[in-house]
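See structure below.
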Amino acid sequence: MHAMKPSIRRSIGSITLSLLLGVQYVQAISLDVQSTDSIKSAAKIVADEMVSYYTGYRPGDVPGNLPAPYYWWEAGAMFGALIDYWYFTGDDTYNAITTQALLHQVGPGNDFMPPNQTKTEGNDDQAFWGMAALSAAENNYPNPPEDQPQWLALAQAVFNTQAARWDTTSCGGGLKWQIFSFNGGYNYKNTISNGCFFNMGSRLAVYTGNQTYADWADRMWDWCSAIGLRNDQYFFYDGSDDTLNCTALDHLQWTYNAGTFLVGAANMYNFTNGSQIWEERINGIISGINTIFLKNNIIVEQACEEVQTCNIDQRSFKAYLARWIAATIVRAPFTYAQLKPILETSAQAAASVCTGGDKGTSCGLRWNFGSFDGSTGVGEQMSALEVIQSNLITVAPGPVTEVTGGTSKGDPSAGTTSDIGPGDLHKEAVTTADKAGAAIVTVLICLVIMGGAWWMVV
Ligand SMILES: *[C@@H]1O[C@H](CO)[C@@H](O)[C@H](O)[C@H]1NC(C)=O
Ligand SMILES: *[C@@H]1O[C@H](CO)[C@@H](O)[C@H](O)[C@H]1NC(C)=O
Ligand SMILES: *[C@@H]1O[C@H](CO)[C@@H](O)[C@H](O)[C@H]1NC(C)=O
Ligand SMILES: *[C@@H]1O[C@H](CO)[C@@H](O)[C@H](O)[C@H]1NC(C)=O
Ligand SMILES: *[C@@H]1O[C@H](CO)[C@@H](O)[C@H](O)[C@H]1NC(C)=O
């Protein structure tokens with residue numbers, strides 16, 4: 001994930017042009033959220049345009065990669081959206097390219113760590129591919145051939161590689177953003193990486209019935225709460241610097257952070273047969289979402305949307321909140337009355353701004369703008385797709401587990417033996433000599449800083 005690399009592609013010229021086109025094609029996608037057929041046909045139009053950005057299935061191209069400016073993680077997120085699309089609509093048009101892409105990116109350890117991506121891959125990036133595989137297992141998406149890695153085992157592999165990265169050298173635990181020390185952001189413990197681990201742990205607990213995953217999810221929830229990544233109003237902040245032992249926070253709030261904790265809490269609620277503590281936490285998170293991210297019950301990426309600074313990554317975040325709201329309703333049905341209206345109102349608003357582009361069906365970013373805002377891309381399409389198709393949650397067949405018809409083959413020890421490559425500090429214990437060396441360097445740096453400050457004062 002690349003929150004620190006903002007990029008704004010849109011030019012004034014294209015806004016003007018798009019607005020003109022928008023006027024020409026208003027109401028290009030009609031949507032009645034009470035009608036299954038209407039939702040399916042709207043979702044198809046939006047999915048088709050999302051997939052039009054992808055060329056990885058073409059001969060000579062790399063399956064699983066989106067062209068620049070899209071990072072690798074967003075492709076994993078997009079294939080997750082296409083698995084949801086198949087699950088909600090029954091339309092298998094994109095299944096072949098989805099399966100091909102997921103299997104091409106598993107990497108030598110079958111854990112979504114392809115060597116080509118070491119320069120861009122953090123824990124959150126890996127998790128978005130792992131969560132796509134986990135959705136495939138939960139939805140009984142068609143299994144790969146037997147000689148290929150299987151969906152559940154891939155998700156377990158991602159989970160296990162990350163559990164091994166639990167880092168007690170600072171902040172009392174948690175995951176660092178980055179896997180490799182040579183990547184920028186290695187000293188940041190960000191909420192989405194930790195939240196996706198919580199998300200996967202809770203879902204694996206429900207799917208497999210294995211308490212170990214729930215124990216990890218509990219540990220993660222407690223750690224995020226202790227550090228303050230979640231505050232007592234259930235606001236989820238962006239992350240914290242581990243060189244300061246997580247004593248200072250970046251207070252930006254993003255939809256997907258609230259979303260990943262919401263669905264994780266819903267799975268923990270389900271795993272504990274409806275425990276009161278998780279019910280309270282779910283209600284708290286919903287209340288936080290209401291306060292921060294909803295305007296007239298329409299989801300808004302408030303940190304960047306209205307000021308028009310959302311980068312390529314951030315333009316896809318609403319997709320995940322929508323996706324996880326839907327999954328929450330399934331695992332914690334008591335939330336239906338509160339959450340379903342958010343999906344309905346947001347989907348209606350999203351469809352109303354899908355009037356851009358050549359065909360007059362490209363979706364804009366700002367759902368509450370009243371018209372197409374000129375912003376187009378994979379993220380805009382994916383967000384509209386997820387929020388529209390999520391309205392099929394009440395007619396979809398319902399997810400499976402290992403004991404209720406799930407057919408994906410798992411491997412509890414997947415990912416525990418793979419070589420996770422350079423920069424992984426947690427495979428080999430740090431020696432006392434290393435620690436002493438690091439301490440000496442720290443002392444020297446402090447002396448230099450203090451000396452410098454002394455000199456300036458004098
Ligand atoms: C890695 O890059 C090479 C060269 O572009 C490509 O042939 C290969 O398919 C890529 N592998 C993955 C898993 O992306
Ligand atoms: C760092 O933070 C953790 C968790 O809050 C705390 O337990 C630990 O004592 C702190 N370490 C230092 C050196 O302050
Ligand atoms: C939930 O209920 C099931 C079936 O009654 C039981 O086997 C399981 O132990 C319960 N789990 C918890 C955490 O209470
Ligand atoms: C757990 O989820 C299932 C559907 O996956 C649902 O039928 C059940 O009611 C949920 N349990 C609780 C306690 O809400
Ligand atoms: C439960 O999960 C843990 C962690 O992956 C694993 O070590 C253990 O073997 C699993 N237990 C069962 C019964 O599958």
Side-chain angles (χ1 to χ4, degrees), residues 55-68 71-73 75-76 79 87 100-121 125-126 129-130 135 137-140 149 152-164 166 197 200-217 219 263 265-279 282-283 326-337 339 393-394 396-406 409-417:
T55 56
Y57 58 87
R58 292 184 190 159
D61 212 328
V62 180
N65 286 357
L66 279 164
Y71 285 107
W72 179 76
W73 80 273
F79 293 111
Y87 168 73
Q100 179 200 36
L102 285 163
L103 294 179
H104 194 78
Q105 294 296 331
V106 296
N110 292 340
D111 53 5
F112 292 116
M113 300 271 299
N116 287 358
Q117 299 301 335
T118 44
K119 289 212 178 79
T120 77
E121 186 168 354
D125 306 75
Q126 186 195 19
W129 285 88
S135 295
E138 292 169 335
N139 294 344
N140 245 346
L152 177 59
L154 284 165
Q156 288 169 313
V158 170
F159 181 86
N160 288 336
T161 58
Q162 299 199 349
W166 181 263
F197 182 80
M200 293 192 76
S202 68
R203 288 162 64 184
L204 284 168
V206 169
Y207 190 93
T208 65
N210 186 332
Q211 178 70 41
T212 306
Y213 298 117
D215 292 343
W216 271 108
R219 174 181 298 170
V263 74
N267 278 276
M268 291 304 284
Y269 170 84
N270 201 281
F271 185 73
T272 55
N273 294 331
S275 71
Q276 202 189 338
I277 185 156
W278 285 107
E279 181 178 333
I282 292 168
N283 284 327
T328 296
I329 293 172
V330 174
R331 295 300 189 200
F334 79 89
T335 62
Y336 178 88
L339 294 182
I393 196 73
T394 45
V400 294
T401 67
E402 250 168 16
V403 294
T404 63
K409 287 211 172 52
D411 173 4
S413 64
T416 52
T417 52

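Each ligand, and each atom within it, is numbered from 1 in the order the structure gives. Sequential numbering from 1 along the given sequence is applied to the chain's residues.
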Side chains of [X] and [Y], heavy atoms from C-beta outward: is any pair under 4.5 Å?
X    : Y    : answer
Y269 : I277 : no
Q117 : N65  : yes
F159 : W216 : yes

Please identify which atoms of ligand 4 are closer than 4.0 Å to at least one heavy atom of P333.
9 (O), 14 (O)
Atom indices of ligand 4 within 4.0 angstrom of G274 heavy atoms, with elements:
13 (C)
Nearest protein heavy atom with distance in Å, relative to [atom]:
atom                    : result
atom 5 (O) of ligand 5  : P412 O, 3.4 Å
atom 7 (O) of ligand 1  : V62 CG2, 4.7 Å
atom 9 (O) of ligand 1  : H104 NE2, 3.0 Å
atom 4 (C) of ligand 5  : T212 CG2, 3.7 Å
atom 10 (C) of ligand 5 : N210 ND2, 2.4 Å
atom 8 (C) of ligand 4  : N270 ND2, 3.8 Å

Q211 atom CD, over 12 foreign heavy atoms within 6.0 Å:
yes
Does the plane of the ring in W129 sit parallel, tilted or perpendicular to the ring in W72? Use 30° and 60° as the thresholds.
parallel
Consider every N or O of N273 and every N or O of ligand 4, then say whether any pair is closer than 3.5 Å.
no
So, does [X] use its side chain to make a donor-acceptor pair with the main chain of [Y] at under 3.5 Å?
X    : Y    : value
N160 : Q156 : yes
Y213 : M200 : no
E138 : G398 : no

What do you reckon, does Y269 put a non-hydrogen atom under 4.0 Å from ligand 4?
yes
Quick look: N160 vs ligand 5, heavy-atom contacts under 4.0 Å, and the answer is side chain
Distance under 4.0 Å to a non-hydrogen atom of N116: what atoms of ligand 1 satisfy this?
1 (C), 2 (O), 3 (C), 8 (C), 10 (C), 11 (N), 12 (C), 14 (O)
Looking only at the side chains, is there a donor atom on one of N267 and R331 sitting less than 3.5 Å from an acceptor on the other?
yes
Can you see whether T416 engages S413 through a side-chain donor-acceptor pair at a distance of less than 3.5 angstrom?
no
Relative to ligand 1, is Q117 under 4.0 angstrom through side chain, backbone, both or neither, heavy atoms considered?
neither
Kindly state if atom 2 (O) of ligand 4 has a protein heavy atom within a strict 4.0 Å cut-off, that is, under 4.0 Å?
yes
Verify the contact flag for atom 14 (O) of ligand 1, where contact means a protein heavy atom under 4.0 Å away.
yes
For ligand 1, is there an N or O atom under 3.5 Å from any N or O atom of N65?
no
